[in-house]
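Naming convention: chains lettered A, B, ... in sequence-line order (proteins, then strands); numbering from 1 in each chain.
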There are 4 protein chains.
Amino acid sequence: MAVAEPESPTRRRAPRVDAIRNREAIIEAAAEVLAEQGTAVDVREIARRGGVGMGTLYRHFPKKEDLIHTVLRKDFSEWAESARQAAVDAEDPWAALTDFYEQALTGCVHHRAMMEKFALTWADPDLDGLQRLRVVIEELCARATAAELLRPGVTADDLLLLLVSLGHAVQLTDECRPQLWRRSLRISLDGLRADQGEPLPADTAPDSGSRSLRH
Amino acid sequence: MAVAEPESPTRRRAPRVDAIRNREAIIEAAAEVLAEQGTAVDVREIARRGGVGMGTLYRHFPKKEDLIHTVLRKDFSEWAESARQAAVDAEDPWAALTDFYEQALTGCVHHRAMMEKFALTWADPDLDGLQRLRVVIEELCARATAAELLRPGVTADDLLLLLVSLGHAVQLTDECRPQLWRRSLRISLDGLRADQGEPLPADTAPDSGSRSLRH
Amino acid sequence: MAVAEPESPTRRRAPRVDAIRNREAIIEAAAEVLAEQGTAVDVREIARRGGVGMGTLYRHFPKKEDLIHTVLRKDFSEWAESARQAAVDAEDPWAALTDFYEQALTGCVHHRAMMEKFALTWADPDLDGLQRLRVVIEELCARATAAELLRPGVTADDLLLLLVSLGHAVQLTDECRPQLWRRSLRISLDGLRADQGEPLPADTAPDSGSRSLRH
Amino acid sequence: MAVAEPESPTRRRAPRVDAIRNREAIIEAAAEVLAEQGTAVDVREIARRGGVGMGTLYRHFPKKEDLIHTVLRKDFSEWAESARQAAVDAEDPWAALTDFYEQALTGCVHHRAMMEKFALTWADPDLDGLQRLRVVIEELCARATAAELLRPGVTADDLLLLLVSLGHAVQLTDECRPQLWRRSLRISLDGLRADQGEPLPADTAPDSGSRSLRH
DNA sequence: CATGAATGAGCATTCATTCAT
DNA sequence: CATGAATGAATGCTCATTCAT
């Protein structure tokens, strides 16, 4: 157990502890700052709050983008998980959907960078934190469709896009009308119900039923 | 009536032709660039594209903000007007609402700066281009409500927030899934119909029917 | 009165009237502005106040410096003249000196550019407005010396330098201690009196009687 | 006493050596440039002469003003100190006064920015380098007054204003008549002697007697 | 391997001077 | 000959990234 003498031949293990500690400190600080100020923050601010030097930060994350990516992967995962849990706890497939959105939207209010990134990459399966969210949504979609609660033809993409749209709305209204988004959510969810008459338009061909306009 | 012969003794207005041409060139260039890159563009890029020097640009618009404001006021106005016209041309109040959104959302796809500003100021009546949009929406809301087509309790704010949300969605999906937003629009509009059962939650007290969650 | 047909053979006279009027307007405006803000003013401000275009201004004065020079020559002349008059009106040579400084210092309070230029060119005989001032001072110096009122060895340069120094002091104290300079003036004038004991040090050789120090 | 071996276990202070070296280089460069060109210099010029990048300069001094302030505080202090020392070394209170001015005026010849600032803030006790100067002058004034060498009613403000005025004169004459200011100094000092007849005018009401007042 | 100082291209804005109308 | 719009180099300042210690 007397391992880790500084000059032992197998000296590869000791420094890792600090490195990991630092890495976590950076990630935590970055998460805070990115949530507050979005991706436009000064990298110095992250280093400062994490209590590390710029060099350390850049050793772990050679580009600002890398750090953001790492942090957001984590945040997306936690976000997805909390929303998934809310869905799991629900009594029926429809309540699952409702509670999922409630939880997800409530949870994204104060996370500017996450929604920024979500907006830019919602269709991009590479950001794997995002991928988890998509999986959750696909399950919800399948369950509700199977129970014939969801309007026919609704896809996971529809639900994902709804999440981005409302997520945006949530952030916009947070300061001036903090509850307004719940009305939007209700409206959209009602529009997603099985009892809605007409089928949804396809998103590849702008034909049936939708007048395409100008510009 | 015999006024304004080009060579009348008071011909003082002549030199402005060029200036106006330049002003328009700047505005046009700015509109393009702002649409493409948002408000973060380098002022030099605008000057370059407008074919003018920095000084010229700053003569017409003493602050970057002034130029942006001018361009966006114009763009908001045109945007609002085209959407209003679509509504006016519609056969009935519901089609008016539908066509308004169709037109508005189609028209905002390629205008990053406009949606940026819209997001930041949707509740702020100061940007008067925006004000026009609100007026249009208020009329539409009143008409549809009067015709009992709109779900009771729906306000202009709900419709405005829907517009911002979907406008965001439209921009996000423009490159990868250019028609996807039409489905979101249909969903939301269906959710706005009068035949939806429950009343909408108030946006001031988070009580009846809506489980409030965490954070 | 049907003179001045554009194409008449002797078309040289008519425009001159306007040109002169403009020139004067520019000079007057420049005098005001230069007095208020010093030589750092924006040329546009001068054109604006003079009611002329930039082109006109630059036609009359190809460089900002030319305009300043012209204006200050005039202002120096008037300044010199008013001070000279005060001296002329005085009862005796000493009062002439005193009144000269009183008048000159009172008259330079609100003329920033003039004192700026005076500071830079007090020894330069080229600025001929300044030259007039020097002539006045030389006369005063000669008169007071002849009357044996002035300390032996005092030169016009001494008096001129005193004027620059006190002019500077006058402007510095104008807002906070508007009368303080009068005390400085009295002190210096008393120091110039004939009854002062020792001779003044020569300004070419830093030797006799003056401990030269450092640097 | 055995502290501070270079390689002591707590060697955390090392990297600052360079930073300090740079800071000093910046200050030195700034001092030079400010002395030569006044406060209007381009910050880039300072960075260039200091052999550092813009970022380095701005890391040490977040605003141009900060750098100027730092440099001038130092320069004012040194200036005040050297003048004070000259006064201390003098044999009697009057020589102290004389030597003080000699030293101060000799020391300000090549420092444009310092005199610029002195002119603007001579009455403002905030710039604490300046404050030191005032203290020195107050002492000198008190000593000479106590010894009845100084004309009754002379205040520290009079002496300070004399310093600004002559400081200005010194700079003006530096190139063309480098010794001329000594004559002005002699004149003014003689005017400050106790044997001058009349009392000085008050600086608030231009009447009789000399109540010294100020601010 | 950590530190935080250094770098320098990039940005919004100003102003003396020129030139098309 | 007047006008005032156009020009563009220059300025104070920021921030992602690199590098000496």
Measure from CZ on Arg48(C) to C1' on dT3(F) and round the result to the nearest Å.
-> 15 Å
How would you list, by chain and number, every residue that makes a side-chain hydrogen bond (donor to acceptor under 3.5 Å, both in side chains) with Thr56(B), sequence neighbours excluded?
-> none
What residues form a salt bridge (Lys or Arg N to Asp or Glu O under 4.0 Å) with Lys63(B), not counting sequence neighbours?
-> none
Of the nucleotides dT7(F), dC1(E), dA2(F), which has the atom closest to the Arg59(C) side chain?
-> dA2(F)
Rounded to whole Å, the CG-P distance (Leu57(C) to dC15(E)) equals 16 Å
To the nearest Å, give me how far apart CD1 (Ile46(C)) and C1' (dG4(F)) are.
-> 16 Å
Quick one: side-chain hydrogen bond (donor to acceptor under 3.5 Å, both in side chains) partners of Glu36(A), sequence neighbours excluded?
-> Arg49(A)
Calculate the interatomic distance between Arg23(B) atom CZ and dG4(F) atom C1'; express it in whole Å.
-> 15 Å
Non-neighbouring partners of Glu116(B) that pass side-chain hydrogen bond (donor to acceptor under 3.5 Å, both in side chains), sequence neighbours left out = Thr39(B)
Only counting residues at least two apart or in another chain, list the ones meeting ring pair (Phe, Tyr, Trp, His ring centres under 6.0 Å) with His111(B).
-> none
Residues in side-chain hydrogen bond (donor to acceptor under 3.5 Å, both in side chains) with Glu65(D), at least two apart?
-> Lys117(D)
What integer distance in Å separates Asn22(A):CG from dG4(E):P?
-> 11 Å
Between Glu45(D) (CD) and dG12(F) (P), how many Å, whole number?
-> 11 Å
Give the rounded distance in Å between these two atoms: CD1 of Ile68(B) and C1' of dC11(E).
-> 13 Å
Taking side chain as C-beta onward, heavy atoms only, is Val71(D) less than 4.5 Å from Phe61(D)?
-> no
Not counting sequence neighbours, which residues clear side-chain contact (heavy atoms from CB on, under 4.5 Å) with Ala25(A)? List them please.
-> none
If pairs are Watson-Crick or G-U with both distances under 3.5 Å, what is the dot-bracket string of DNA chain F, marking crossing pairs with [ ] and pairs to another strand with |?
-> .||||||||||||||||||||
Residues in side-chain contact (heavy atoms from CB on, under 4.5 Å) contact with Glu28(D), at least two apart in sequence or another chain | none
Atom pairs under 3.5 Å: protein N/O with N/O of nucleotides 18-20 of chain F:
none

For atom NZ of Lys64(A) and atom P of dT14(F), their distance in whole Å = 16 Å
Would you call Arg21(B) and Glu24(B) a salt bridge, taking side-chain N to carboxylate O under 4.0 Å as the test?
-> no
Using the test salt bridge (Lys or Arg N to Asp or Glu O under 4.0 Å), find all partners of Asp66(C) that sit at least two apart in sequence or belong to another chain.
-> none
Of residues 24-44 of chain B, the positions that come close to DNA chain E - non-hydrogen atoms, cut-off under 4.0 Å | Val41(B), Asp42(B), Val43(B), Arg44(B)
